[in-house]
Asker: 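Below you'll find the structure I mean.
All ligand and atom numbering here is 1-based and tracks the order in the structure.
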Amino acid sequence: MKKTLIIANWKMNPSTAEEANRLFNYTKKGIDNMRKSEIVICPPFPFISFLDFKNSNFKLGAQNCFTKEKGSFTGEVSALQLKSLNCNYVIIGHSERREYFNEPDEQVNKKIKIALKAGLTPIFCFGENKDQRNKNNIEKVLIKQIEKGLKDVKTKDISKIIFAYEPVWAIGTGHDCPLEEVQTINLFLKKIIFKKYNLSVSKNISIIYGGSVNSKNARDFIKETGMSGILVGGASLKSKEFIKIVKEINS
Ligand code: PGA
C-alpha cells in the first residue's frame, strides 16, 4: 500500500533553535510510529542539521533550493548541499516564493531539474490566486504552470515529482478548497500530465493538496478527493494539532 504523504512546511518558523527542537520533539513523541503515512518535516535551513532527524521516522525536506549546483551565489543553498545533509525532499515554487521573491515559472523549472539531478524529490507547488479563480481561469493557470514547470523534464522523472496543488487564496486563510473541486482538479491534473507524457493511466503519480488543512478537514482531503497527501503550513506549527491531523489520517 502506498503511504499517504503528510508534509509539514514550517516556513520561517519558529524563531529560535530551542523552540524548533521543542516543536520537533513534541511532534515526534505523538506520531513517530505512524505506518500508513510518510511524514516529511520541512524546517527552515538553519535547523536542517540541528534537528535530530536520524533518531526519528520523519523524512527531512527543505523549503527551497537554488537553480545552480555551486558557485558564487551569496546566500543561496544548493540541492547537492541539501542532499549531503540527508534531505530527501525539497519544496519548489511555493506561492510565497513566487509572490514575495518574484520566482517565475522558468526558475521553478530549473529548480525542479537541479533537485532531480541531486536525487531529491521535488514538491512542485502551483495553484491559482483569487483573481484567477474569480475569472474562471483555474484550468488555464494550472496548464501554464505545469507546462512551464516541467519543461524538459524527462518522462522517467515524472513519478519522482510530488505535484502539490495549492490554491493561493486557500493558503493561511482558513478557507480550504471545497472537496468536490479538489477531486475535479486531481482528475484534471492527472489528465494533463498523462497526456503530456503519454503515460498509461496505471502510472503512479503523486498529487497532493495544500491550503488551510487542519485536523477537521485533513481526513476528507485524503478519503474524498483521491489526493495522495497533504501539505500543511500553519497547523504543523502546533504539535497537538499536527498530531491530530496525522492520527485522523492513520485511523
Ligand atoms: P497553510 O499553508 O496550511 O497555513 O494554509 C499551506 C502552505 O503554505 O503550504
Side-chain angles (χ1 to χ4, degrees), residues 4-15 19-20 23 27 31 37-45 47 58-65 87-103 108 111-112 115 120-130 132-133 138 141-142 145-146 149 161-179 181-182 185-186 189 206-222 225 227-249:
T4 305
L5 271 164
I6 304 176
I7 301 173
N9 177 11
W10 286 5
K11 309 193 181 184
M12 203 175 72
N13 302 292
S15 298
E19 285 172 81
L23 174 61
T27 308
I31 50 174
S37 35
E38 167 116 326
I39 300 165
V40 183
I41 310 270
C42 305
F45 287 139
F47 304 146
F58 297 148
K59 293 280 191 279
L60 170 60
Q63 297 173 19
N64 184 28
C65 68
C87 209
N88 311 95
Y89 294 84
V90 58
I91 297 174
I92 292 175
H94 190 279
S95 67
E96 286 151 17
R97 294 223 51 94
R98 292 179 189 259
E99 188 181 344
Y100 306 133
F101 304 94
N102 298 318
E103 274 194 19
V108 172
K111 291 182 177 189
I112 290 175
L120 295 173
T121 299
I123 302 164
F124 170 24
C125 300
F126 50 85
E128 82 285 356
N129 63 28
K130 201 173 187 173
Q132 292 161 334
R133 178 181 166 84
I138 302 179
V141 170
L142 297 186
Q145 288 178 330
I146 300 267
I161 297 173
I162 294 165
F163 293 86
Y165 171 59
E166 294 214 297
V168 182
W169 53 270
I171 296 178
T173 58
H175 301 297
D176 52 328
C177 190
L179 295 174
E181 262 183 62
V182 176
I185 282 169
N186 182 20
L189 291 169
S206 298
I207 305 177
I208 65 172
Y209 168 80
S212 295
V213 174
N214 58 42
S215 60
K216 294 198 176 73
N217 60 23
R219 196 164 193 270
D220 286 344
F221 279 120
I222 301 303
T225 67
M227 286 283 174
S228 309
I230 45 173
L231 209 164
V232 188
S236 70
L237 295 171
K238 301 175 211 131
S239 48
K240 271 193 191 148
E241 176 68 0
F242 190 65
I243 290 166
K244 258 196 205 165
I245 291 176
V246 177
K247 286 192 170 162
E248 276 293 321
I249 287 173

Asker: Using modelled atom types and a 3.5 Å cut-off, is there a donor and acceptor pairing between side-chain atoms of Ser212 and backbone atoms of Ala170?
Answerer: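 Confirmed, Ser212 side chain pairs with Ala170 backbone.
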Asker: Name the one of Ile123, Thr121, Ile112 that satisfies side chain to side chain contact (heavy atoms under 4.5 Å, CB included) with Ile161?
Answerer: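 Only match with Ile161 under side chain to side chain contact (heavy atoms under 4.5 Å, CB included): Ile112.
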Asker: Going by atom types only, do Trp10 and Gln63 share a side-chain donor-acceptor pair under 3.5 Å?
Answerer: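 Looking only at side-chain atoms, Gln63 and Trp10 do not form any donor-acceptor pair under 3.5 Å.
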Asker: Going by the angle between their ring planes, with limits at 30° and 60°, are Phe221 and Tyr209 parallel, tilted or perpendicular?
Answerer: parallel
Asker: What pairs with Glu96 under salt bridge (charged side-chain N to carboxylate O under 4.0 Å, His left out), at least two apart in sequence or on another chain?
Answerer: Lys11
Asker: Pairs of nitrogen or oxygen atoms, one from ligand 1 and one from the protein, closer than 3.5 Å: please tabulate them with distances.
Answerer:
residue: ligand 1; atom: 2 (O); partner: Lys11; partner atom: NZ; Å: 3.4
residue: ligand 1; atom: 3 (O); partner: Gly233; partner atom: N; Å: 2.8
residue: ligand 1; atom: 4 (O); partner: Gly234; partner atom: N; Å: 2.8
residue: ligand 1; atom: 5 (O); partner: Gly172; partner atom: N; Å: 2.6
residue: ligand 1; atom: 5 (O); partner: Ser212; partner atom: N; Å: 2.7
residue: ligand 1; atom: 8 (O); partner: Lys11; partner atom: NZ; Å: 2.6
residue: ligand 1; atom: 8 (O); partner: His94; partner atom: NE2; Å: 2.7
residue: ligand 1; atom: 9 (O); partner: His94; partner atom: NE2; Å: 3.2
residue: ligand 1; atom: 9 (O); partner: Glu166; partner atom: OE1; Å: 3.3
residue: ligand 1; atom: 9 (O); partner: Glu166; partner atom: OE2; Å: 2.7

Asker: Salt-bridged, Arg98 to Glu166, with N to O below 4.0 Å?
Answerer: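 Here Arg98 does not pair with Glu166 in a salt bridge, since their nearest N and O are not under 4.0 Å apart.
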